[in-house]
Structure formats: structure tokens, C-alpha cells
Amino acid sequence: MSEQTLRQRKVSTDVLLLDSVREPGLRAPGGRAHRIPKIRGRAQEVAAMTTWRRWQDWVVVGLGVVLFVTPFIFGETANSVAASTAYVLGALIALAGVLNVAMKDAGGLELIPAVLAVILFVSPWAFGFSAVTGLAWAAWIIAILIVLTVGSLFAMQNRRAIA
């Protein structure tokens, strides 16, 4: 082929590519999408919240681990009811957080840490260790933080639905 024929083909394909970019919904030759939409602001934050990226779920995992080690930190391992409550609920909260982190979309499983947090909040009175002030206060504070964290995730989802 001559150089002029090659130039004409190159110009004709360039025009085709430019035309497809100008008109939304058209695809470039070869079946590839013509452009990737840019997301800014709150929508970018919500779009980034997918599998293994939601900070709320990682905070729940961290709070579960903190609750699990709390009896060791305060030296309250002798009180078996308080310590076992912290161990069991800490492990369950951490596992529920890992389960939620692994999910692509935040859904109904986000309620599991919230329900466990309510149980954790009531546990010093229900299991009779409210006199063990270190573990009781840790249970109350961690439960409130978990509920606030899960609530912020649901607030993010509602903003995305409204926007």
C-alpha cells in the first residue's frame, strides 16, 4: 500500500474514534468502552466502599479484638463470668466484622455486630459483673462505638440512595 492510502486509513479511524467519544453510549472499535466516567465527591467515597474497603467493617473488627484482649489489659481474668463474656462477644464481633468486610455490598449482615453490641451493652447487668468497673466500662464504650460505626455505614447507604 502507498503512504497516502495508509494516512487516509489512519485519519478515517481517528475520526471514527473521536466521533464515538463525543456521542455517549457508543463504543470504540474493538468493543472497548469509549470512556470511564469520573466520580467525584460523596459518590466517590460510596463507590470505593466495596469488598475489603469499608472502613466501618474494619473498625468493628478492631473493636472486637480490643474487647477480646480487655480482660488481659485490666488484669481481670480471675472474674470468669466477665472475662468469658469479653472473650466470647469479642470473638463473635470480630468474626462478624470479618464476614461483613468480605461481602461485596453492605446488607442485612451489618445488623449482626449491632445486635451483638446491644447484647454487650446489657451484659454487665445481665451477667452480674457491673461491679468489675474496668470490664463493664469497656463493654459499654465498645458497644456504643460499634453501634455508631454500623449506623454510619447505614447512613452512607441512605445518602447513596438519595443522591
Side-chain angles (χ1 to χ4, degrees), residues 21 23-28 31-163:
V21 171
E23 297 178 32
L26 293 180
R27 294 188 172 268
R32 289 168 289 180
H34 67 283
R35 62 178 248 223
I36 298 172
K38 292 183 180 179
I39 303 172
R40 294 190 177 114
R42 177 73 60 194
Q44 182 180 15
E45 182 180 340
V46 171
M49 292 172 45
T50 58
T51 309
W52 303 103
R53 293 190 179 176
R54 288 185 298 271
W55 65 266
Q56 293 94 339
D57 296 331
W58 286 110
V59 168
V60 169
V61 171
L63 289 171
V65 170
V66 167
L67 179 63
F68 187 85
V69 299
T70 299
F72 299 111
I73 294 171
F74 289 116
E76 297 289 345
T77 56
N79 188 341
S80 63
V81 174
S84 61
T85 301
Y87 298 147
V88 170
L89 287 176
L92 288 175
I93 289 170
L95 289 175
V98 169
L99 175 70
N100 288 329
V101 166
M103 294 300 202
K104 182 172 181 162
D105 296 324
L109 293 178
E110 294 292 336
L111 292 177
I112 295 172
V115 169
L116 290 172
V118 170
I119 293 169
L120 176 64
F121 190 84
V122 176
S123 68
W125 296 296
F127 299 132
F129 64 91
S130 59
V132 184
T133 57
L135 292 181
W137 276 100
W140 295 325
I141 291 170
I142 290 173
I144 290 170
L145 290 175
I146 290 172
V147 169
L148 289 175
T149 304
V150 171
S152 73
L153 183 62
F154 282 119
M156 263 318 172
Q157 287 178 340
N158 289 340
R159 285 185 185 164
R160 182 180 65 191
I162 292 171

Engineer: Do W140 and W137 have ring centroids that are under 6.0 Å from one another?
Structural biologist: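 Yes.
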Engineer: How many angstroms lie between CG in L67 and CD1 in I142, if you round to the nearest 0.5 Å?
Structural biologist: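 Going from CG on L67 over to CD1 on I142, the span is 4.5 Å.
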Engineer: As an exercise, state the distance from CZ of F121 to CD1 of I119, rounded to the nearest 0.5 Å.
Structural biologist: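 It comes to 13.5 Å.
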Engineer: Given side chains that start at C-beta, do those of L109 and M103 come closer than 4.5 Å, heavy atoms only?
Structural biologist: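 A side-chain contact exists here, since the closest heavy-atom pair is under 4.5 Å.
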Engineer: Applying ring pair (Phe, Tyr, Trp, His ring centres under 6.0 Å), can you list everything that pairs with F68, at least two apart in sequence or on another chain?
Structural biologist: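 Partners of F68 by the ring pair (Phe, Tyr, Trp, His ring centres under 6.0 Å) criterion, ordered by chain and then number, come out as Y87.
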Engineer: How long is the gap from CG on N100 to CG on L111, to the nearest 0.5 Å?
Structural biologist: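 Going from CG on N100 over to CG on L111, the span is 9.0 Å.
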Engineer: Which heavy atom of V150 sits nearest a heavy atom of E110, and at what distance?
Structural biologist: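 Closest heavy-atom pair between V150 and E110: CG1-O, 3.4 Å.
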Engineer: Hey, are the side chains of D57 and L99 touching, using non-hydrogen atoms and a 4.5 Å cut-off?
Structural biologist: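 D57 does not reach L99 side chain to side chain.
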Engineer: Less than 4.5 Å apart, side chain to side chain, heavy atoms only: is that true for V60 and I93?
Structural biologist: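 V60 reaches I93 side chain to side chain.
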Engineer: I need the I144 CD1 to L63 CG distance, nearest 0.5 Å.
Structural biologist: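 Nearest 0.5 Å value for the CD1-CG distance: 12.0 Å.
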Engineer: Compare all side-chain heavy atoms of L135 with those of N79 and state whether any distance is below 4.5 angstrom.
Structural biologist: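 A side-chain contact is absent here, since even the closest heavy-atom pair is not under 4.5 Å.
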Engineer: So, for V147 and A117, which heavy atoms are closest and what is the spacing to 0.1 Å?
Structural biologist: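 Looking at all heavy atoms of both residues, the shortest contact is CG2-CB, 3.8 Å.
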Engineer: Looking at every non-hydrogen atom in both residues, tell me the closest pair between A94 and V61 and how far apart they are.
Structural biologist: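 Looking at all heavy atoms of both residues, the closest pair is O-CG2, 3.8 Å.
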Engineer: Do V118 and L120 make a side-chain contact, defined as non-hydrogen atoms from C-beta onward lying under 4.5 Å apart?
Structural biologist: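 No - every pair of side-chain heavy atoms lies 4.5 Å or more apart.
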